[in-house]
Amino acid sequence: MARSRNTEQKIFDAATELFLEKGVDRTSVREIAAKAGINLALMNYYFRSKENLFNAIFSSLVKKNSEELIRILDSDLELGEKIRQYVNVYIDMLSENPLLVSFVMAILHRSRERITEMKAVSSLYATEKFTLQVLEEGKKGNIRRTDPTQLFVDMLSLIAFPFAIKMLIIDKNNFSKEEFQNFISERKNRIPEMLIDSLRPKP
């Protein structure tokens, strides 16, 4: 049983690395099997198809990384503090696994039908409680009336885009790895302040 789990984990780890490095569609089942050090028949025995393996990896990555984000969005924190915590946790998550941005982008560029079938995708989006909070705060006059979808997309874009163009930022600024990480850490304060400032009611 332990040997079975070990083999399955080897396949899982090899496929995750290849999917992140090359993309799902450019990775073959044969490459995954070779990287995992197993034969093709064993690969097919455990996951039947590359698509099943892809779904399992995606669900695992999203579940592991999104539970804390959802908890923040569904908490009773005031909106400004909620934005601060969400940005900080998301940046930490992507700092630990910067290739996750590329992996998610690869998923979202696949067919609409396939995305709809993957229930884990919905956990990448804003929750109903966060949406209602933004609308209620606008009605009370505590913030400018704003489209919750626009706010959430603004927040995601500001968080994720620097990771998507990481190599460009490093090249243009001649950053070391440490300097890039310092740059990203500064955004933990910069992004919430930008978002909160954009929500302040007009004088």
Side-chain angles (χ1 to χ4, degrees), residues 58-110 112 115-116 118-173 175 177-203:
F58 177 66
S59 296
S60 174
L61 282 173
V62 170
K63 182 178 180 182
K64 180 176 71 175
N65 290 302
S66 66
E67 285 177 348
E68 178 64 9
L69 296 173
I70 292 171
R71 186 195 67 75
I72 292 168
L73 293 179
D74 281 346
S75 71
D76 293 324
L77 292 168
E78 63 93 15
L79 187 60
E81 182 59 25
K82 185 172 289 190
I83 290 171
R84 288 187 187 92
Q85 289 195 20
Y86 185 89
V87 168
N88 272 261
V89 170
Y90 215 132
I91 286 178
D92 284 343
M93 179 186 84
L94 295 181
S95 294
E96 290 174 15
N97 190 1
L99 290 176
L100 188 58
V101 174
S102 302
F103 195 60
V104 171
M105 291 301 293
I107 291 159
L108 297 179
H109 279 95
R110 309 192 93 205
R112 181 176 178 179
I115 291 170
T116 304
M118 298 174 70
K119 295 179 180 178
V121 170
S122 62
S123 65
L124 294 172
Y125 208 69
T127 66
E128 184 178 353
K129 184 166 182 176
F130 179 77
T131 298
L132 291 173
Q133 184 177 12
V134 173
L135 293 172
E136 284 299 316
E137 290 296 298
K139 287 178 184 177
K140 292 175 183 176
N142 295 332
I143 64 170
R144 294 185 188 185
R145 287 179 179 262
T146 189
D147 180 349
T149 299
Q150 291 283 5
L151 173 60
F152 191 72
V153 171
D154 287 345
M155 186 159 60
L156 282 185
S157 302
L158 288 166
I159 294 167
F161 192 64
F163 290 95
I165 61 166
K166 175 181 177 179
M167 297 315 298
L168 179 61
I169 294 172
I170 289 174
D171 179 62
K172 292 299 180 184
N173 295 280
F175 280 164
K177 287 184 179 179
E178 183 180 355
E179 286 170 329
F180 177 76
Q181 194 53 52
N182 289 338
F183 170 80
I184 290 297
S185 293
E186 288 174 14
R187 296 187 65 75
K188 289 182 178 182
N189 294 320
R190 184 179 180 85
I191 293 171
E193 290 311 312
M194 289 172 63
L195 292 169
I196 292 167
D197 187 56
S198 74
L199 292 173
R200 288 195 175 99
K202 294 178 181 179

- Begin from the C-alpha positions of N142 and E78 and carry the test side-chain contact (heavy atoms from CB on, under 4.5 Å) through to its verdict. CA-CA 11 Å; N142 295 332; E78 63 93 15; over 6 Å; no

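- No hydrogens or angles considered: nothing links the side chains of Q133 and E137 as a donor-acceptor pair under 3.5 Å.
- Checked against ring-ring contact (aromatic ring centres under 6.0 Å, His included), F161 has no partners two or more places apart in sequence or in another chain.
- Taking each heavy atom of R187 and P162 in turn, the nearest pair found is NE-CG, 3.5 Å.
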- Task: Go through the steps to decide whether I191 and I91 satisfy the test side-chain contact (heavy atoms from CB on, under 4.5 Å), and finish with yes or no.
- Result: CA-CA 10 Å; I191 293 171; I91 286 178; 4.1 Å; yes

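- For the atom pair CZ of R71 and CD of E67, the computed distance is 11.0 Å after rounding to the nearest 0.5 Å.
- Rounded to the nearest 0.5 Å, atoms CG (N173) and CD (E179) are 9.0 Å apart.
- Although no hydrogens or angles enter the test, the distance criterion places a donor-acceptor pair under 3.5 Å between the side chain of K82 and the main chain of S75.
- Residues D92 and K188 have side chains in contact (heavy-atom distance under 4.5 Å, counting atoms from C-beta outward).
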- Start with the C-alpha gap between M167 and D171, add the side-chain angles, then the distance that decides, and say whether side-chain contact (heavy atoms from CB on, under 4.5 Å) holds. CA-CA 6 Å; M167 297 315 298; D171 179 62; over 6 Å; no

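- Here D154 contributes atom CG and L199 contributes atom CG; the two are 9.0 Å apart, rounded to the nearest 0.5 Å.
- Of the inter-residue distances, the one linking I159 atom CD1 with L195 atom CG reads 8.0 Å to the nearest 0.5 angstrom.
- Ring orientation note: the planes of F183 and F175 are tilted relative to one another, at an angle of 30° to 60°.
- For R144, the CZ atom sits in a packed shell: over 12 heavy atoms of surrounding residues, nucleotides or ligands are nearer than 6.0 Å.
- The distance from atom CD of Q181 to atom NZ of K166, rounded to the nearest 0.5 Å, is 7.5 Å.
- To the nearest 0.5 Å, the span separating CD on E128 from CG on L73 amounts to 12.5 Å.
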- Please step through side-chain contact (heavy atoms from CB on, under 4.5 Å) for the pair F152 and T131, ending with a clear verdict. CA-CA 9 Å; F152 191 72; T131 298; over 6 Å; no

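- Identified under the ring pair (Phe, Tyr, Trp, His ring centres under 6.0 Å) test for residues 129-149, with sequence neighbours left out: none.
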